[in-house]
Amino acid sequence: MYQAIVFLPLLGAILAGIISLAGARARFPGQNPPPGVEDDTVDHGPHAHGADTHGGAAIHETRHEPGSGHDHVPPAPAAAGSRTAELITTTLLMISMILSWIAFVQVGFGHQDVRVPIMTWMASGDFKVDWALRIDTLTAVMLVVVNTVSAFVHLYSIGYMHEDPYRPRFFGYLSLFTFAMLMLVTADNLVQLFFGWEGVGLASYLLIGFWYYKPEANAAAIKAFVVNRVGDFGFALGIFAVFMLTNSVDLDAVFAAAPSLTGRTFALFGWQVDALTVTCLLLFMGAMGKSAQFLLHTWLPDAMEGPTPVSALIHAATMVTAGVFMVARLSPLFELAPTAAAFVTLIGATTAFFAATVGLVQNDIKRIVAYSTCSQLGYMFVAMGVGAYSVGMFHLFTHAFFKALLFLGSGSVIHAMHHEQDIRHMGGLKDRIPFTYVVMIIGTLALTGFPLTAGYFSKDAIIEAAFVSHNPMALYAFICTAVAALLTSFYSWRLIFKTFHGTPHDEEHYKAAHESPYVMLIPLAVLALGSILAGLPFKEIFAGHGVEGFFRESLGFGKDNHILEEMHHVPLTIGIMPTVAMLIGFAVAWLFYIQRPDIPGELARQHAVLYRFLLNKWYFDEVYDALLVKPVKRLGYLLWKGGDGWLIDGFGPDGVSARVLDITRNTIRLQTGYLYHYAFAMLIGAAIFITWFMFSAGMH
């Protein structure tokens with residue numbers, strides 16, 4: 001069963017890939033790439049109203065999604081076998097999802113941890129890496145999250161991408177993405193985990209840049225790939241450090257050796273540093289990139305250039321949760337490195353606050369939800385940093401449902417509005433797409449922590465954990481997460497009010513707006529149900545008294561870690577504070593966008609500097625461009641023109657060949673074709689020879 005859960009998505013990806021290749025060869029025999037996709041006469045629709053293509057915000061930014069409606073589709077015939085690829089991949093994911101829930105019950109409640117050996121992957125001397133599936137409670141939770149969201153994203157994509165001519169390739173990428181994430185969460189050693197880690201990075205590059213004829217999509221895909229390479233470099237160094245310290249990459253062996261590493265140091269740049277602290281910081285650097293944490297977050301908003309189902313898959317269940325899962329999996333190490341845990345808390349809290357402030361003023365519907373994801377990931381890392389690992393996993397579990405719902409609901413809005421993504425051009429849509437309106441309300445309630453929704457139980461638990469923790473950064477984290485709860489409520493209800501309430505701002509699109517087909521609405525209904533039911537029924541096993549019995553050895557619960565017990569005794573004022581913050585955010589949004597819609601514009605004018613600061617995302621893109629991108633480009637140009645061109649080529653192969661050509665050009669000038677020239681040359685030669693002979697004879 002466990003092999004089927006992991007490898008059915010891979011089978012789907014392979015079959016979809018074969019169908020895609022066969023269809024391409026049938027449509028365009030002997031042509032590569034297919035004609036038409038580079039046709040400059042086609043309006044592919046990105047940044048139709050002056051958006052900043054370098055990541056900066058624009059006042060009138062409109063993005064259109066090709067392939068999701070009637071226009072902006074590359075002029076190519078539909079791929080043969082598209083329906084077959086859709087049905088195969090979606091069916092296999094549905095089967096994998098059902099098996100994942102069965103595994104969740106068996107492993108979590110039946111206490112049936114399993115290790116499934118597949119094969120020996122590599123062996124070199126004493127170094128041996130097996131390919132095996134580690135199925136414990138932590139893995140079972142991730143299997144449910146990944147396969148459930150992915151299965152319904154596949155189903156949703158059948159409707160959303162129905163006019164895209166390259167659907168087999170798209171569904172192949174989706175299934176490949178899912179397989180890579182499954183390899184990551186089932187890894188039994190750090191090398192296998194790194195394989196899945198890089199696999200989701202590759203698949204995200206392919207999916208974000210799926211519409212490769214859009215320059216913005218290519219730029220976003222490259223940006224995501226490059227920024228993640230920065231984090232992955234640290235992650236790889238962390239794995240090397242683990243192997244150096246424990247002489248193993250097998251998780252069980254590493255965890256067994258971890259207690260003996262406390263107090264151990266090694267030399268780093270001439271300093272003696274704590275080995276476990278540096279190792280955990282390097283490992284967390286990988287999580288910062290993959291989970292888009294503060295400083296390495298810049299790729300995540302630009303990833304919205306991919307199709308909306310991709311956004312839901314990346315932001316809800318796969319790539320961005322990989323960092324949270326990795327810290328949870330390696331929790332026995334972080335438990336022994338309190339300084340590293342404090343840094344995790346610092347970064348998580350800063351990210352939660354930072355992303356919430358930026359989300360306040362964004363106008364692209366998908367970017368608002370994307371910054372919400374960034375902020376909620378910060379919450380998860382706060383939980384990991386303060387030692388409430390199960391609580392962080394609880395929020396990961398609930399967040400997957402309501403965030404996928406919000407992204408797919410946004411896709412339904414975009415579908416209804418004929419590719420429009422700017423919420424300022426919407427309004428009044430609750431009467432045109434009532435079902436989408438209802439499910440978006442449910443997702444927003446869960447995100448903001450409305451009582452009895454899934455987010456209420458998990459997000460509030462993180463704030464309480466930060467309050468009772470003894471982590472040096474716990475107070476800072478508590479303040480940041482509490483403020484972020486208020487800001488989250490404000491920008492989430494701002495999205496709802498500007499999109500679904502008020503008067504329409506685009507009469508033409510408003511009149512043409514219609515509800516999405518059932519193949520898109522069914523996933524929304526299921527995810528809406530999950531946004532409600534993923535909370536209370538699971539509270540006891542994630543954040544109650546049944547945690548250690550449920551997770552057992554899959555999470556590192558420190559001997560002196562009583563945080564879960566202390567959470568149940570927080571003062572009432574702390575317990576209700578997130579709910580009060582949520583209500584304040586709702587009330588302010590209602591005032592700003594329903595009662596007095598003139599207030600936001602007036603505030604933006606009065607505080608223009610702050611507004612531009614938030615609109616341009618704290619100017620991180622501009623700062624990185626000035627400090628990193630441009631200097632590196634200048635250095636590259638210098639090395640290209642001066643180093644490679646002038647020095648190496650100039651004095652190397654090009655220089656040698658040029659001198660040979662010079663010599664041959666001068667030599668052929670002697671070959672004039674005139675007899676008297678040759679006779680004169682012979683006469684000169686004879687005179688030189690006789691002269692030399694006479695002088696040499698006289699010397700003797």
Side-chain angles (χ1 to χ4, degrees), residues 47 49-63 294-295 297-298 300-302 304 349-376 378 421-427 444 447-448 476 478-499 501-503 505 577-578 580-627:
H47 307 280
H49 293 85
D52 182 355
T53 58
H54 300 289
I59 295 299
H60 298 291
E61 179 177 59
T62 301
R63 300 177 190 278
F294 189 69
L295 302 179
H297 65 278
T298 53
L300 186 138
D302 289 7
M304 297 301 99
T350 305
T351 305
F353 174 75
F354 155 75
T357 61
V358 176
L360 295 174
V361 298
Q362 297 302 305
N363 297 306
D364 185 300
I365 187 170
K366 284 171 55 178
R367 283 181 179 247
I368 296 172
V369 184
Y371 276 107
S372 167
T373 297
C374 194
S375 181
Q376 297 306 305
Q421 294 181 218
D422 194 322
I423 60 175
R424 293 167 300 178
H425 300 159
M426 301 179 187
T444 300
L447 172 62
T448 58
Y476 172 76
F478 171 72
I479 295 172
C480 285
T481 52
V483 173
L486 188 152
L487 300 179
T488 299
S489 179
F490 174 80
Y491 68 67
S492 298
W493 287 110
R494 171 179 177 263
L495 184 154
I496 293 294
F497 294 149
K498 288 184 71 68
T499 302
H501 291 259
T503 57
H505 295 281
M577 190 181 63
V580 173
M582 178 268 297
L583 293 175
I584 293 174
F586 170 80
V588 174
W590 178 273
L591 174 65
F592 278 21
Y593 299 103
I594 300 297
Q595 296 293 107
R596 292 283 307 279
D598 59 302
I599 292 179
E602 184 62 30
L603 281 177
R605 284 188 291 273
Q606 291 179 3
H607 305 281
V609 174
L610 176 61
Y611 177 73
R612 296 298 305 182
F613 178 72
L614 297 180
L615 191 65
N616 286 282
K617 302 157 287 189
W618 291 25
Y619 290 102
F620 268 102
D621 284 300
E622 289 77 4
V623 171
Y624 284 171
D625 192 54
L627 295 182

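We're numbering straight along the sequence, starting at 1.
- Using the six-membered ring where Trp is involved, Phe586 and Trp493 have ring planes that are perpendicular, over 60° apart on the 30 and 60° scheme.
- Distance CD/Gln606 to OH/Tyr611: 14.0 Å, rounded to 0.5 Å.
- From Arg424, atom CZ reaches atom NZ of Lys498 across 7.5 Å, with rounding to the nearest 0.5 Å.
- Considering only heavy atoms from C-beta on, Glu602 stays 4.5 Å or farther from Asp598 through its side chain.
- Put simply, the side chain of Thr373 gets close to the backbone of Val369: a donor and an acceptor are under 3.5 Å apart.
- Across every non-hydrogen atom of Ala482 and Ala581, the tightest pair is O-CB, 4.2 Å.
- The line from CD1 of Ile423 to CZ of Phe497 is 12.0 Å long, rounded to the nearest 0.5 Å.
- Residues Leu295 and Tyr624 share a closest heavy-atom pair of O-OH, 2.7 Å.
- Annotation: the span from Ile594 atom CD1 to Arg494 atom CZ amounts to 12.5 Å, rounded to 0.5 Å.
- Taking the six-membered ring where the residue is Trp, Phe294 and Phe620 present perpendicular rings, their angle passing 60° and hence far from 30°.
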**OP:** Start with the C-alpha gap between Thr357 and Tyr371, add the side-chain angles, then the distance that decides, and say whether side-chain hydrogen bond (donor to acceptor under 3.5 Å, both in side chains) holds.
**Re:** CA-CA 9 Å; Thr357 61; Tyr371 276 107; over 6 Å; no
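- When all heavy atoms of Tyr491 and Ser372 are compared, the closest pair comes out as OH-CA, 3.2 Å.
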Original post:
So Asp364 and Lys366, salt bridge (Lys or Arg N to Asp or Glu O under 4.0 Å) or not? Walk me through it.
Top reply: CA-CA 6 Å; Asp364 185 300; Lys366 284 171 55 178; over 6 Å; no
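- Between Leu495 and Thr499, the closest heavy-atom pair is O-OG1, 2.7 Å.
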Subject >> Working for side-chain contact (heavy atoms from CB on, under 4.5 Å), residues Thr351 and His297 >> reply: CA-CA 9 Å; Thr351 305; His297 65 278; 5.7 Å; no
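- Proximity of a side-chain donor or acceptor of Thr448 to a complementary backbone N or O of Ser489 within less than 3.5 Å is not detected.
- Rounding to the nearest 0.5 Å places CG of Asp302 at 9.0 Å from CE of Met304.
- Residue Thr488 is tested with Thr444, Leu447, Val483, Thr481 for a side-chain contact (heavy atoms from CB on, under 4.5 Å); the sole match is Leu447.
- In plain terms, the two heavy atoms of Ala484 and Ala352 that are nearest each other are CB-O, 3.6 Å.
- Rounding to the nearest 0.5 Å gives a distance of 10.0 Å between OH of Tyr593 and CD1 of Ile599.
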